[in-house]
Amino acid sequence: MSAAVATPPVAPTAPARDAARGALAGTGALVRLMLRRDRVRLPLWVGGIALFVPYFFTAFGALFPTTADLQQAASFTQGPVISLLGGPGYGLGEGITYQSFFAAVYWLYFLLAAALMNILLVSRHTRVEEQTGRSELVRANVVGAHAPLTAALVVAVIANAALAVVLTAALVGFDAPLGGAALVGAGTAAVGLVFAGVTAVTVQLTEYSRAASSAAGAVLGAGFVLRAIGDSLGEHGTALSWLSPFAWSQQTRPFVDERWWPLAISLVVAAGAAALGYALSLRRDVGAGLRPARRGRAEAADWLRGPTTLSWRLQRSGVRGWAIGLTIAGLVYGGVADTLVENFVDVTPELTAVLGNAEDSVAGYLALMVSMMSVATAVFAVLAVQRARSEELEGRAEPVLATAASRTAWLGGHVAVVALASVFLVVLSSTAVGLGAAASTGEWHHVGDLALAGLVSAPAVLLVLGVAALLYGIAPRALALAWAVVVVGFVMEFFGPLLEPPGWLTALSPWDHVPALPVEDLTLGPVLVLAALAVAGVAAGLAAFHRRDVVTT
């Protein structure tokens, strides 16, 4: 006869308890992992953005030592053209301070940097993880369905909070009132959170990280254009401005008439976008996107026979997207030329000299817009070279190099495609500015003039490409330094006349050596020198790439 033996209940194991927590199981561990992986990258982002605070305030103190000097400088920063580039312009009148001058003219670019940081952060920790297969390894543990996205958003919140604190401290260090400094920090973090939420949505739509980041970047570009048009069409902005996330921060009026409530719009939109991202993530498989990838051909097309044509195949969607975006921006900026300049001359006629031609302010404005299109194309060039880096790091370059294709042909093909695409984009976008201006002013010679201006500015873009190719050839990690050339060029081109930096710093900008058509006469000497330097940079980069090892993750 056997007796039944009562089995004592077994306490749930740690994994079982974690599983019981549901969709957020493992979030804390993923947050710690992401922070460890970004222990260098995030401090560089936060520190790099905040570093411009002491730069600007040191420059202000040197250039405008008295209030009268600052007020005189402020008279050159009012009007629709500056609103196009800086914002609604609160605090540039009576009672101006260094702090209000900074917030009115330069804060916008801190907001742009915060938005880019968050787009790349969320994409890197979500879609890139799925694309590389690492997400499947992580999800093989006790990890809830929403844990990866939640962890990425938590890291974004931490990064934005750190950025807000560091910016606030930097501003207070230059005698800014604590309330206004905190508003600048919070406003910058709020824009970052909005684009973290936007990226949480775009990473659900496609299975490729570049496409997801590009979609979020398109929202960023649309927001910038809406803000630019809205701010330039009326004093302190118009209703159109409020469609942009940038306005929700800039309309807080730091150091002038401070108000916190517009930041609530940013928080609501960020939360709503994140909630949409969660909902969409449940409607797709891991590694897939809501938009299914198209089935490829069973055999490659006849023209896909070499590394150059392969490079074009990889870059063509990016070229198409940039072409559409830059064309729309060019038509918009050119289309408002007549209205902007007419209002501009009425408000601050002395500022026409800053545009390069006191007698023809329209030509000065159009030359400035060509420079903007050229700098934007330089951003494309650096991003396109980064595509070659991703091909190498993710192991897709090695199978190509294992064939008869040489290293020089592989990287040279990428650079050749990017060079041709860059020339095409800068000429196309400049022509679009001319078309918009012709429709606005009725003077159709602007089309040909600005097409030529775009072609003349192309060597500056190619020089940026040459620097990027050189840095990539030396070491893939060094490619990030190419952004310094773009940033210096942008600051010197648009704010150099105001900041009056040292001559050697201005000379570091490739655009400083380009004739500003149609304001200046065409001189081929500087253009040819820039083109020669670009070729030399590419050649040195190819030589360096030929000697170093191929790097994979």
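In what follows, residues are counted from 1 in the order of the sequence shown.
- Between S214 atom OG and L220 atom CG the span is 11.5 Å, to the nearest 0.5 Å.
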* Assess whether side-chain contact (heavy atoms from CB on, under 4.5 Å) is satisfied between W45 and L163, documenting all intermediate values. => CA-CA 9 Å; W45 266 106; L163 179 60; over 6 Å; no

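- The distance between the ring centers of Y109 and F490 falls below 6.0 angstrom.
- In this structure, the side-chain contact (heavy atoms from CB on, under 4.5 Å) partners of L471, at least two apart in sequence or on a different chain, are V467, A478, L481, A482.
- Sorted by first and then second residue, the pairs that involve residues 373-385 and meet side-chain hydrogen bond (donor to acceptor under 3.5 Å, both in side chains), not counting sequence neighbours, are S374-W511.
- Remark: the Y90 side chain and the Q250 side chain contain no N/O donor-acceptor pair separated by less than 3.5 Å.
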Can you give me every donor-acceptor pair (side chain of residues 447-465, partner residue at least two apart or in another chain, under 3.5 Å) with its distance?
unit_1: D449; atom_1: OD2; unit_2: H445; atom_2: ND1; d: 2.8
unit_1: S457; atom_1: OG; unit_2: A453; atom_2: O; d: 3.4
unit_1: S457; atom_1: OG; unit_2: G454; atom_2: O; d: 2.9

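- Residues F255 and V184 meet the side-chain proximity criterion, which asks for heavy atoms closer than 4.5 Å.
- Counting only distance, with no hydrogens or angles, the side chain of D512 and the backbone of L508 share no donor-acceptor pair below 3.5 Å.
- Taken from CG in L517 to CG in L366, the straight-line distance is 11.5 Å, to the nearest 0.5 Å.
- Under the salt bridge (charged side-chain N to carboxylate O under 4.0 Å, His left out) criterion, R389 pairs with no residue at all, not counting sequence neighbours.
- Residues G185 and A164 share a closest heavy-atom pair of O-CB, 3.3 Å.
- The CE atom of M117 sits 5.5 Å away from the CD1 atom of I49 when rounded to the nearest 0.5 Å.
- Within the 3.5 Å criterion, the main-chain N or O of A156 finds a donor-acceptor partner in the side chain of N160.
- Within the model, atoms CE of M373 and OG of S371 stand 10.0 Å from one another, a figure rounded to the nearest 0.5 Å.
- Heavy-atom minimum distance, L314 versus R387: O-NH1, 3.2 Å.
- Here the shortest heavy-atom pairing between S311 and V417 reads CB-CG2, 3.9 Å.
- Considering OG1 of T188 and CG of L111, their distance stands at 5.0 Å, rounded to 0.5 Å.
- Ring geometry for F246 against F224 counts as perpendicular: the plane angle is over 60°, on a 0 to 90° scale with 30° as the lower cut.
- In this structure, the side chains of M372 and V433 stay at 4.5 Å or more apart for every pair of heavy atoms.
- Here the side chains of E207 and R284 are not in contact, with every heavy-atom distance at 4.5 Å or above.
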* Residue pair T199, S123: steps toward the side chain to side chain donor-acceptor pair (under 3.5 Å) verdict -> CA-CA 7 Å; T199 311; S123 177; over 6 Å; no

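- No donor-acceptor pair closer than 3.5 Å links the side chain of S100 to the backbone N or O of I96.
- Put simply, the side chain of L383 reaches to within 4.5 Å of the side chain of W483, judged on heavy atoms.
- For T238 (side chain) and G230 (main-chain N/O), a donor-acceptor pair under 3.5 Å exists by modelled atom type.
- Donor-acceptor pairing under 3.5 Å is lacking for the side chains of Q204 and S281.
- Using cut-offs of 30° and 60° for the angle between ring planes, the F56 and F110 rings count as tilted.
- Distance alone, capped at 3.5 Å, is enough to place a donor-acceptor pair between the T202 side chain and the A212 backbone.
- Summarising the geometry of L121 relative to A159, their closest heavy-atom pair is CD1-CB, 4.1 Å, with the distance given to 0.1 Å.
- Residues forming a side-chain contact (heavy atoms from CB on, under 4.5 Å) with T252 (at least two apart in sequence, or on another chain): W107, L183, P254, P262, L263.
- In summary, the aromatic rings of F424 and F380 are positioned with their centroids too far apart to meet the 6.0 Å limit.
- Nearest heavy-atom pair across L153 and A274 is CD1-CB, 3.9 Å.
- H414 places no side-chain N or O within 3.5 Å of a backbone atom of V385 that could act as its donor or acceptor partner.
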Taking only distance into account, with no hydrogens and no angle test, what donor-acceptor pairs under 3.5 Å do side-chain atoms of residues 526-534 form with protein atoms, sequence neighbours excluded?
none

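- Contact detail for F102 and V53: the closest heavy-atom pair is CZ-CG2, 4.4 Å.
- Taking CG from L112 and CZ from F195, the interatomic distance works out to 8.5 Å, rounded to the nearest 0.5 Å.
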